[in-house]
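Inspection log for the structure reproduced underneath, given as C-alpha cells.
Residue numbering restarts at 1 for every chain, and letters A, B, ... go by the order of the sequence lines. Every heavy atom of this structure was used, including side-chain atoms; hydrogens, water molecules and symmetry mates were not. Here the structure is a predicted model, which means the values were calculated and not measured.
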Amino acid sequence: MSTTTLSESTPEVKSRGKLSELLASVGGQNLSLIGGLVVVLALFGSLNDNYLSWNNIQVIAEAATISGLLAVVQTVVIICGGLDISVGSQAGLASVVSAMAFTSAGSNALVGMAAAIGVGVVIGLLNGVIIVYGRVNATIATLAGLAAYKGVAQLISNGAAQGYVLNNSIFIFLSRGKIAALPVMVWLLIVVALAVHVLLKYTDIGRNIYAIGGNDTAARLAGININKYLIAVYGLLGVVAAVAGILLTARTGSGQPTSGSEGLELQSITAAALGGCALKGGKGGIGGTLLAVALLGALENGLTVQGINSFWQNVAQGSLLVVAVVIQQRRSGERAVGLPG
Amino acid sequence: MTTTLTNPGAAVRGLGKSFGAVRALNGVTLEFPPGQVTALMGENGAGKSTLLKILTGDHQPTEGHVLLDGVEVALHSPAQARAAGIRIIPQEPEIIPHVSVAENVYAGALPRRSGRRLDRAELRRRIEADLERLGFARVLDPDLLGSELTPAQRQLVEILRALTGEAKVIAFDEPTSSLSEQEVDALFALIRRLRDQGVAVVYVSHRMKEIFQLADRIAVLRDGAVAGVLDAAQAGEADLVRLMVGRDLSTMFVRQMVATDRVVLDVQDISTDDVTGISLQVRAGEVVGLAGLIGAGRSELALALAGDRPIRSGKVLLEGQELRSGRPGEVIRAGLGLAPEERKAQALFLHRSIRDNTSLVVLERLRRWRFVRRSAERELAQEYSDRLRVRTPSIEHEVRKLSGGNQQKVVLARWLARKPKVLILDEPTRGIDVGAKAEIYQIIADLAKEGIALLVISSELPEVLGLADRVVVMQNGRITGELDREQATEERILSLAMADDLVSSDEGRTA
C-alpha cells in the first residue's frame, strides 16, 4: 500500500529553485487561497473604484476581526479533533455580560471585561467537561451550547441591547482607536493569532495538540493527558470568544445578545476548513485560517458594496464550507461507503 | 487432477494472495467436499483468515481460482459469494441491536407487501418455520431484540442468516470461543445435521478436542501453504502440531545471552478485565517472549502494563517502584515504553514527519520553557533515524509514505530516544518484509546488550524461539506455562497455548 513513494519524491526535493522552495513552504492550500483572494479583490476592485481604497480595506479588516478571532481558536479546537458550534452564542453572552457588568459597576470598563472573560472561561471549561466526562459528541454538546448560551444571553438581557459603553475611553479606544494607522481591533486579532501560532508551532503544547487530533490512541499511549488538553483547549476558546464579545460591545456601543454574533460559528468553521484544517483533526494552521478569513471578509464586503442581497451571502458561505470539505475528503481518498468517519 | 474439476462442493486451486511485500497465501489447493466437515488449522498468520476472506469475496486472490461444483466462480464481493451459496459465520457475529431476531435474520431481504411495507405476518411465518426446521424453536425467541441476546444466541442468528437461501458451503470461524458447553453441543449437532444434508462445512478452530469430535478431514496451513491434509479418523494431535510448526528462520537471529540477575520489571499477580493472575519478571538485558494465540490476552496485558487499561488487583514494580494504574504518562516517566500491536492505529501520526513522530515522547527533554528546541530535535531524530537505518530521503518526510518496516523503525526510534528501562514490543514484525524483520531482530538484540529489559509479544513461534531467553505462554487471559530457552520448542509452546483446560496449565507451570 504505502510501500515506496520515496523514489518518486526524491528528485523533486533535489531540483528545487529558491522560488519553488518559497512556494512549497507556503503550501498548496495557502497558494490557492491567495489566488482566490487576488481574484476576489480584482473582481470587485474592477466593479467598484472604492472597493480597494484604504478606507474600505480597513472596513473589511475591522469587520473580519471578530470572526477572525473565533476562527483562530476554532482552528485550535479542530486541530485537537473537536469542534465548537457554540462560539457565536458564547460571544453574544460575553457581549451582554460585559455591558451589564460595566453599567452596574458604575461605568467601569475593566470590571465589564473581567466579568465577560470570567464567563468565557467558565463556559469554555463547561463545554470541555461535558464533552470529555459526559462523553457527549463535540458537535452535539456545542449544539446544545449554541441554544443554551444564547438563551441565557436573551434571558439576562430580556432580549434587548444592554447599556451604552461608548462614553468610556477604554471602549472608545477599542472601537475607534488606531495604533500605527491600524485599528486597535485589528491589532488584537494580530496579537492573538500570533500567540496561538507560536503556541501551535513552537511549543510542546502545540505538538501535543496536533498529536491528539492526529491519533488520540497514539497520543494517549505516548503519555499525553488528552482529557486535560481537550478541556484546556475549550477553555482557551471560551476566553477568546469572550474577547470577541467585548469587541462586539465596543463596536456596536452596547451589549448584544444575538445581533452580530449569530452565524459566527458557521463563519469560523468555514474559515478553518477553507484554511486547510482537517475536520478529523491533526492538520491545519493559523496562516491558512487567517487567509481564509481575509477571503471570506473580502467576499462579504464585495457583495455588500455591489448591493447584492445579503441572503446570497449565506448561500455563498454554506457552499464554500461544503466545497472545502468535499475537496479535503477527495484528497484523503476515503471510500464512499456509508457515513463518513 | 483434472478429474476433480467435476467434483461437487467447493475447491480452491493454486490460490495465492499478496499484501504488498507480504505473501499471505501461496499456491493453496484444497477441496471442501459436500457432506463433510473439513477442519482448517494453522498457527496465527498461517493464512486461514485470508483463505476465508477470499471465499467470501472480501479479498480477491492475486492468483488462482475458487471452484464451486467444479465450475470456476468469480467472487468480487460478499454479495456475489452469498449468491453463489457460500456463507461464513464470523467469530464476532454482526447483530443489529435495536431490531428483533426475525428482522436481524432477514436483514437486507425482508419480506414486503406492496408499497415497500414490511410484511410482518410473512416475516413471522418464515422465522417460525426456519426455527422449527433447524430445531431452535425453543432456544430462540424471534421477538427478542438484538441487544438482548446471549453470545450463543447471537451466533445462532448468524447461522440462521447464513441458512436463508441455498447454502452450499458454510464456514465457521472459531465459533465456540464464546459458547458454553451445552451451547457447543447444540452447535455441533446442528453442524452435523448440515453436513448430513450435503453442505460442505469448513470449520476453523484452534481447539484440538473439537476438531477430533467434529471433523472428517483436517487441512493444515503453514506460512500460507498447505502443510498437509489428514483423515481425522487416523490423525493424532501430535501429527497436527508437527504439521503446523517447523519453519527455519534460525539464520536470522544473532542473539548472545546478556541477561543479568537484576529484575527490572516485576509483575505481581495482576488482574484486569481481560487477564487474570499474571505474574512475571523481566531482568535487565533479558528478552522475554510472550507467546499465545490471538485473543489470549497478551496485547491487553501490554496495554495494562503501559497504564492504558485499569489494573484491578496486584501490582507492577519497575525497579522496585510501584506503577500507578491508568496513567500512561507516569508509566513512561518511570521508564516503560510500549510499541503497540497496531502501529498505524495506536502509535503513529501518519500525516506528521518522522521528526515529529520520533520526538513526541521526549519533548519534555527537548524544550526550554515550553519551546521545543528545533535544532536539538532535528539532531535527535536524525541520530535515531540513522541508527535504525530508516530508509527515507529526509526526516521531514511524512510517516505515511514509508514502508511498514520503516514505520516500525520510527516507532522504535521514538522509544529508543526516550531511553526506557523496559520496552514492550507487541508484534514488532507484523506485516514487515523479511529484510526489515532481520534488522528489527538485530535492534532487539542490541537493546538487550544495552541492558534494557525487553518483553516481546509475537504470534510467530520461530521468532519467539529465536529472540527470547525465556518464553511465557498465555491462554485465555492466564499464563499457562514458562519455558527456558533450552526447553522451548514450537511443539511445547503450541501445546501450552492450546491447552484445553486448567489441568494442563498446571502441568505447564511445572514443566
Heavy-atom proximity to chain B below 4.5 Å, by part of A/Ile224: side chain
Can you check whether A/Leu125 reaches A/Ile231 side chain to side chain, under 4.5 Å on heavy atoms? yes
Between B/Glu377 and chain A, with a heavy-atom cut-off of 4.5 Å, which part of the residue counts as in contact: side chain, backbone, both or neither? side chain
Heavy atoms, side chains only, cut-off 4.5 Å: are A/Ile79 and A/Thr75 in contact? yes
Pairs of heavy atoms under 4.5 Å with chain B: top-ranked of A/Ala222, A/Ala278, A/Gly206: A/Ala222
Can you say whether B/Ser394 sits under 4.5 Å from chain A via the side chain, the backbone, both, or neither, judging by heavy atoms? neither
Any non-hydrogen side-chain atom of A/Leu200 less than 4.5 Å from a side-chain atom of A/Arg207? no
With a 4.0 Å cut-off on N to O distance, would you call B/Lys409 and B/Glu439 a salt bridge? yes
Give the interface residues of residues 321-335 of chain B toward chain A, defined by a heavy-atom separation under 4.5 Å. B/Pro328, B/Gly329, B/Ile332
Just wondering, do B/Leu423 and B/Leu416 contact through their side chains at under 4.5 Å, heavy atoms? yes
Name the member of B/Asn357, B/Leu348, B/Leu338, B/Leu303 that forms the most heavy-atom pairs with chain A at distances under 4.5 Å. B/Leu348
Answer key: most heavy-atom pairs under 4.5 Å with chain A among B/Arg373, B/His351, B/Arg352, B/Glu342 is B/Arg352
Do other residues, nucleotides or ligands put more than 12 heavy atoms under 6.0 Å from the CD atom of B/Glu94? no
Is there side-chain contact between B/Trp415 and B/Val361, with at least one heavy-atom pair below 4.5 Å? yes
One pair to check against side chain to side chain donor-acceptor pair (under 3.5 Å): A/Asn208 and A/Tyr229. What are the steps and the verdict? CA-CA 8 Å; A/Asn208 291 344; A/Tyr229 269 85; 2.9 Å; yes
Atom group of B/Leu350 that falls short of 4.5 Å from chain A, counting heavy atoms: neither
Summary of salt bridge (charged side-chain N to carboxylate O under 4.0 Å, His left out) pairs that have at least one residue in residues 191-205 of chain A, sequence neighbours excluded: A/Asp204-B/Arg367, A/Asp204-B/Arg370
Close approach to chain B in residues 211-221 of chain A, criterion heavy atom under 4.5 Å: A/Ala211, A/Gly214, A/Asn215, A/Thr217, A/Ala218, A/Ala219, A/Arg220, A/Leu221
Interatomic distance, OG1@B/Thr358 vs OH@B/Tyr384, rounded to 0.5 Å, equals 10.5 Å
By salt bridge (charged side-chain N to carboxylate O under 4.0 Å, His left out), which residues pair with B/Glu319, not counting sequence neighbours? B/Arg262, B/Lys421
Is there a side-chain contact between B/Pro420 and B/Leu336 in this structure, where contact means two heavy atoms from C-beta onward sitting under 4.5 Å apart? no
Are any of the side-chain nitrogens in B/Asp426 or B/Arg298 under 4.0 Å away from the carboxylate oxygens of its partner? no
